[in-house]
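Chain A is the first sequence line, chain B the second, and so forth, proteins listed ahead of strands; every chain is numbered from 1.
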Number of protein chains: 2
Amino acid sequence: MKNLKMDNIRDYLMTNDIKPSYQRIRIYEYLMNSYDHPRVDEIYKALIDEIPTLSKTTVYNTLNLFIEKGIIHMVTIEGTEVRYDVDISDHGHFKCDVCGKVYDFKADIVEIETNLGESFIINQKDLFFRGICPSCSVKN
Amino acid sequence: MKNLKMDNIRDYLMTNDIKPSYQRIRIYEYLMNSYDHPRVDEIYKALIDEIPTLSKTTVYNTLNLFIEKGIIHMVTIEGTEVRYDVDISDHGHFKCDVCGKVYDFKADIVEIETNLGESFIINQKDLFFRGICPSCSVKN
DNA sequence: AATAAATTTGTAATGATTACAATATAAAAT
DNA sequence: ATTTTATATTGTAATCATTACAAATTTATT
C-alpha cells in the first residue's frame, strides 16, 4: 500500500496537525505495514517489546486522535470487534465468518444510488460484506 | 413496515424454527414496531414494566437466537454501539453524528460491483453512511 | 535554566456482553 | 394425572474493551 519511511511518517503526521511523538510514529507505521486491520490489542502486543513503557491508554488515545484528524478509519463489522485501517480510500471490507480474516476489496461506493435527499450531509461511507473466504470454503 | 399481530408473530417464529415463548414474542414485537434500531438497553427498558421478571440475559439470548436464525440483523455503525433491525431486506443505514439518530435508506446493494472473485461466498451485505441529518444541519 | 504546555503512563471506573448454575416453565412419557 | 425430560428464563459473577483521571514524563517556550 503506502511505503513511507520514518521521516516521511513524521512529515505526514505534521501535515495533518499531529505532533509526531515516537509512539505516534510507531503506531502509524505498524498500521501502515499490517494488512489485516488490527485491533487495539494486536497493536499493543506488537509494539510492547520494542516500546516497553507503552501503555494501552496511549494506543487508544493515539488511534482516537488519528481518527479525529482523518488519517485512519474505524472498521466495525461486528459490534464487539473494532478494527483500524490506514487505507482511507474508497473500498469495502469482507470478513470471513470461519477464519475471521478481513479482506479489502474494490467497490465504487461513491457511485451507489440512494433515496437519501440532498439535505443529508454524508461524511463517510462504509461497505461491509460477510461470508466465507475462498481458502475456508475449500476446506469444507 | 410489517404489521403482524400476536398470533402471526407466533407463526413467524415457528416457521423459522424458534419456539415462541412469551418473552420472544414480545421482544420481536417491540423490534417490529420500533423504527430507530434499538440497542439492547432500550429493548430491556421498554419491556421491563410489562414483563417485570424479564432478565437482560434473556434479551441477549433472544437477540442472538434471532440473528442465528436469520430473522433480524445486527447493525454496527460505530464500534461500541450495537443495534438490531427486524428489516432484513436490502437497505442501508445513515447515522447522524449530531443527534445520533439512525435512518434507513434504499440502495441497490446487490448491484454493487466489486473485485471479489466468485470464490468468495457472500452471506450478508451492509452499507453504512455517516454525516449530518437534515434537521440537525438546519439548526446550525 | 526555569516555566509552561503537551504527552504518556498506570490505575481505577464504567459499561457491555458472556458464562454459568439455579430456578421455572413447557413438553413428553409413563 | 404424575413423573420425567428437555428447554427457557433468571440472577449473579466473570470477562473484556474502553474511558476517566491524575501523576509522571517529555517536549517546547521564555
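- Rounded to whole Å, atom C1' of D:dC16 lies 15 Å from atom OH of A:Tyr44.
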Could you write out each protein N or O paired with an N or O of nucleotides 25-30 of chain D at a distance under 3.5 Å?
none

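- At whole-Å resolution of the value, CG in B:Asp17 and P in D:dT7 are 12 Å apart.
- When rounded to the nearest whole Å, the span between CD1 of A:Ile27 and P of C:dT8 equals 8 Å.
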Would you tabulate the pairs of protein nitrogen or oxygen atoms and nucleotide nitrogen or oxygen atoms of nucleotides 17-19 of chain C closer than 3.5 angstrom?
{"residue": "C:dT17", "atom": "OP2", "partner": "B:Tyr60", "partner atom": "OH", "Å": "2.4"}
{"residue": "C:dT17", "atom": "O5'", "partner": "B:Tyr60", "partner atom": "OH", "Å": "3.3"}

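- Between C:dA16 and B:Arg39, no contact under 4.0 Å exists linking OP1 or OP2 to a side-chain N or O.
- Proximity of B:Gln23 to the phosphate of C:dT25: no side-chain N or O atom is located under 4.0 Å from OP1 or OP2.
- Taking the centre and axis of the six-membered ring of B:Tyr103, the NZ or CZ atom of B:Lys101 falls inside the cone set by 45° and 6.0 Å.
- The shortest distance between the side-chain N/O atoms of B:Ser55 and the OP1/OP2 oxygens of D:dT9 is not below 4.0 Å.
- A:Ile48 and A:Ile51 fall within the same hydrophobic cluster, defined by Ile, Leu, Val, Met, Phe, Trp and Tyr side-chain heavy atoms under 4.5 Å apart, directly or through other members.
- A salt bridge is defined here as a Lys NZ or Arg NE, NH1 or NH2 lying under 4.0 Å from an Asp or Glu carboxylate O, and B:Glu42 with B:Lys45 fails to meet this definition.
- Between B:Thr58 and D:dT10 there is a side-chain N or O to OP1 or OP2 distance below 4.0 Å.
- Atom CD1 of A:Ile43 is separated from atom C1' of D:dT18 by 14 Å (rounded to the nearest Å).
- In this structure, CD1 of B:Ile18 is placed 10 Å from P of D:dA8, rounded to the nearest angstrom.
- We find that CZ of B:Arg24 is positioned 8 Å from C1' of D:dT7, with the value rounded to whole Å.
- Nucleotide D:dT9 holds its P atom 14 Å from the CD1 atom of B:Ile48, rounded to whole Å.
- Residue B:Ser55 holds its OG atom at 7.0 Å from OH of B:Tyr44, rounded to the nearest 0.5 Å.
- Considering all non-hydrogen atoms of both residues, A:Thr114 and B:Ala107 come closest at CG2-CB, 4.3 Å.
- The pair B:Lys95-B:Glu81 meets the salt-bridge criterion, with a side-chain N (NZ, NE, NH1 or NH2) lying under 4.0 Å from an Asp/Glu carboxylate O.
- When rounded to the nearest whole Å, the span between CG of A:Asn61 and C1' of C:dT9 equals 10 Å.
- Of all non-hydrogen atoms in A:Ile122 and A:Leu116, the two that sit nearest each other are CD1-CD1, 4.2 Å.
- Both B:Tyr22 and B:Ile18 are part of a single hydrophobic cluster, where members link through side-chain heavy atoms under 4.5 Å apart.
- Scanning for ring pair (Phe, Tyr, Trp, His ring centres under 6.0 Å) contacts around B:Tyr84 gives an empty result, with sequence neighbours left out.
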